[in-house]
Amino acid sequence: MDFGYSLSKSSTMKIENLENSKFKALAKLEPDATKCIGCGCCTASCSAGVFADMSLRQILLSLQRDCQDKYLPMLQNCMLCGKCMLVCPRGINTRHLILSICKIYGIEQ
Amino acid sequence: MRERFLVGFDPFVLPFLCGMVFVLAYCLFYLVRILAQLSAEDRKKFFKSLLLPSNALKNIRDMFLDCLIHVKLWKRNPNLGYMHSSIAFGWFMLIVIGHIETFMYVPGKAGLFYYPIFFRYFMEVDNQELKGSLLFFLMDFFLLIVLSGILLAMIKRIWRRFFGMRRTTRLSITDHIGLYSLWAIFPLRWIAEGFTAGVAGGSFMTIPINMLLKNFMSNPENFNIAWWLYSIALGTFMFALPFSRYMHIPAEILLIPMKRAGLKVYHPRKGFALAQIYTCPSCGVCIDACPMSANKQNCKDTTVYLVRQLKRNNARRMNAMSNKCLMCGKCQEVCQIGLQSYDIRMNIRERARYNIQLKHNYLASYNPDIKQAKVLYYAGCMSSLTPVIGRSIKKLLSIAKVDYTQMDEGGGICCGRPLILAGKKAEAQAMIAKNTEIIKASGASILLVSCAICYRVFKNEYKLSGIRVMHYTEYFNELIKKGKLPITKGNVRYAYHDPCDLGRGCGIYDEPREALSFVGGLAHAEKERAMSVCCGGSIGSLTLNHEDRKPIVEASISNMLYSNPDYIVTACPLCQKTFSMYSPVEVLDFAQALCNGLQEKDVN
Ligand code: SF4
Ligand code: SF4
Ligand code: SF4
Ligand code: SF4
């Protein structure tokens, strides 16, 4: 029977089941990777965000949840200007974090 | 004088001889290798400059002043200068006079290059003559000079402060072998010549030694052991030389003409860079100079150790060290050989590989509509986090009735320097091209920049013919001097911080100070101008994180507070933001300080 709607798939995820070897490698390269509290200050102040989609917060969250494929292309917009580094309340070294993500992860063409 | 043995050879010369041949062969090999690594164009440039007579004279002067006298070290600290020049110049003179003696008395043996070194062993005096005594005196005199230098070198290992140094280089094993054999050479020479002084003559240093145990010392049967030891010390030094910091002795002779030819570093450890790496004597001056060394664990990442890792081709450490550096340029400023650590580090960074490439596709479609005006103001990314800078600048501009417009109101394209510093030159070029297009289209004749980081890249990488790129310190200083800004002098004292990119990067030291002197007094920092200390917030460092930077920032602030200023003033938004985190006194931007000096009626 088609009601024109259905129950949505559960979005629950089991953290312990996630494939996180890449995230571990990232945290080794830049330990700040684990510090993000998702406040979004970086995104709000982003220089690239004026011109295109760029949300470091989303990218970092997606990495932690192993669903980054959709978000990684945003990284290509970053100008490495470092503003996010100055506003981050956790003092995360965002520029190196971004460069490290670019080293460890890849984008499927 | 006459020869004691007609053969003119004794097995004890062998250690020295082998060492010497080894060093010469090694140096020749590396000379060819370095020259072969240069691009054809650079090589041509090098040889052309070498042949120019005026250059040749300058090269010889530099070799004399830098390699032998060590003028730069004298300027840094006279004790340090004396220590180095006494050893280098004294040794040089011993070799020269040794050769003169050989040419004078036994020209037939002058071709044997061990002969002048062991001259006193092979010769004996038959009758005293004046010129002989003069040479004896000179030889002993320079031996004394060298010995005094060696004594200082020993003292330096335990009492660095005497030489104005807080820290000195941790030596590698081969450095140690080189060091101890160098220390041993001259006392052993003294003793060896003391043995033969009764037969071959000597002067105020060697004769007394000989007198001490005359019967024992003057017996030719006992000579050999002393001369063997001397030769072994020389040989050990020669064999250690190519693998130790003493490689700087031959390498500097190559580096001086290379620098004069104006070559550029194109690879972190090839060609011109390799010549620089070999020329670093590990003097360690760059350790104390480096702002990172405020945090003791960072000392191991300073330039002297980078050079060592480059020699060893340790890729992991090379990358880590180059990524950590603040790129403040101080080590290059203090370095006696002018090692281009900035270019070397940039070359390492440019070789990093990434899986995700930055693309900035949005650049093509960005076409801001900018009002035509005489002055185009570019605030830069950082300035938007410190809005007070922009406000102050605009206030000053409108008071001076300047026809201006802002290029990046509400956000613009980054100047490109952060990308360059991350080793992404090609990506930065795209930004540079876009900004150039926007600036040219604006029809402005002056590009006004309020960020030292942007200013450096606009000045050095952009080709903006016909447009004057001005840092706001230069521009406002001109306005004040033209009487366009009604400011009065208050009785506050400002300590001005030279941002790295503005001072060492672009050579602007006087304009900001002159302008500030119109609004208040200047309080000196402990180290300023070319010796200024990086604020610690530099985006030049990729890997230093927030906690690591704290001691660096605090050390830099305490440098600024040296003569108790009322305010710290800086001319870079990043410095201002960084200092503000920990400074006990208020940190103002240059434009803010000028606004403080505006006459009352203009303030509202
Ligand atoms: S460094 Fe990149 S992510 Fe951070 S503010 Fe600048 S453009 Fe945005
Ligand atoms: S500002 Fe810092 S803590 Fe906040 S979302 Fe961005 S990276 Fe995370
Ligand atoms: S890089 Fe320069 S300052 Fe540093 S140890 Fe070498 S020569 Fe000395
Ligand atoms: S550039 Fe500055 S931070 Fe980097 S090594 Fe040299 S002195 Fe230290």
Side-chain angles (χ1 to χ4, degrees), chain A residues 22 25-36 41-54 59 63 68-69 71-109, chain B residues 320 323-324 349 352-366 368 380-386 408 410-424 427-428 430-431 451 453-454 537-550 573-574 577-578 580-581:
Chain A
K22 278 193 171 165
L26 176 68
K28 202 164 160 224
L29 204 57
E30 180 46 72
D32 284 356
T34 56
K35 283 195 194 162
C36 177
C41 292
C42 48
T43 310
S45 67
C46 179
S47 307
V50 178
F51 306 106
D53 269 353
M54 172 65 205
I59 294 169
L63 294 179
Q68 60 277 350
D69 290 350
Y71 301 97
L72 284 178
M74 282 200 290
L75 274 180
Q76 298 182 309
N77 295 326
C78 171
M79 304 196 260
L80 290 177
C81 70
K83 257 161 89 176
C84 44
M85 193 165 86
L86 290 182
V87 296
C88 177
R90 298 283 286 147
I92 292 177
N93 183 356
T94 51
R95 287 176 79 233
H96 189 242
L97 187 51
I98 291 168
L99 288 170
S100 307
I101 299 171
C102 289
K103 265 192 188 145
I104 287 177
Y105 292 83
I107 296 175
E108 308 269 320
Q109 297 303 334
Chain B
N323 288 345
K324 198 180 227 184
R349 291 183 182 192
R353 289 283 153 263
Y354 298 94
N355 294 329
I356 301 179
Q357 308 302 330
L358 304 183
K359 290 223 171 92
H360 313 121
N361 292 329
Y362 47 87
L363 289 182
S365 55
Y366 175 58
C381 308
M382 295 286 174
S383 301
S384 63
L385 294 180
T386 45
D408 53 353
I413 302 288
C414 172
C415 63
R417 187 150 165 82
L419 283 166
I420 294 181
L421 284 169
K424 297 188 171 281
E427 291 85 340
M431 311 246 144
C451 169
I453 307 167
C454 309
S538 167
I539 49 164
S541 170
L542 301 179
T543 51
L544 274 178
N545 60 30
H546 194 72
E547 296 78 42
D548 294 337
R549 287 179 193 254
K550 190 173 177 205
L574 184 54
K577 240 185 132 49
T578 311
S580 302
M581 285 191 292

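Naming convention: chains lettered A, B, ... in sequence-line order (proteins, then strands); numbering from 1 in each chain. Please read all numbers here as calculations on a predicted model, not as lab measurements.
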Heavy-atom distance under 4.5 Å to chain A: side chain of [X], backbone, both or neither?
{"X": "Tyr362(B)", "value": "side chain"}
{"X": "Arg549(B)", "value": "side chain"}
{"X": "Met431(B)", "value": "side chain"}
{"X": "Glu427(B)", "value": "neither"}
{"X": "Ser365(B)", "value": "neither"}

Answer with side chain, backbone, both or neither: which region of [X] has an atom nearer than 4.5 Å to a non-hydrogen atom of chain B?
{"X": "Ile98(A)", "result": "neither"}
{"X": "Asp32(A)", "result": "side chain"}
{"X": "Met85(A)", "result": "side chain"}

Are [X] and [Y] packed together at the side-chain level, in the sense that at least one heavy-atom pair is separated by less than 4.5 angstrom?
{"X": "Asn323(B)", "Y": "Arg349(B)", "answer": "yes"}
{"X": "Leu99(A)", "Y": "Lys424(B)", "answer": "yes"}
{"X": "Gln357(B)", "Y": "Ile107(A)", "answer": "no"}
{"X": "Met382(B)", "Y": "Ile539(B)", "answer": "yes"}

| task | Would you confirm whether Asn93(A), through its side chain, and Leu542(B), through its main-chain N or O, come within 3.5 Å as a donor-acceptor pair? | result | yes
| task | Select, from Leu29(A), Asn77(A), Leu72(A), the one with the greatest count of heavy-atom pairs under 4.5 Å involving chain B. | result | Asn77(A)
| query | What residue, out of Gly82(A), Cys78(A), Ser45(A), has the most heavy-atom pairs lying under 4.5 Å from chain B? | reply | Cys78(A)
| Asp53(A), CG: over 12 other non-hydrogen atoms inside 6.0 angstrom | no
| said: Between Ile413(B) and His360(B), is the side-chain contact (heavy atoms from CB on, under 4.5 Å) condition met? List the steps. | reply: CA-CA 10 Å; Ile413(B) 302 288; His360(B) 313 121; over 6 Å; no
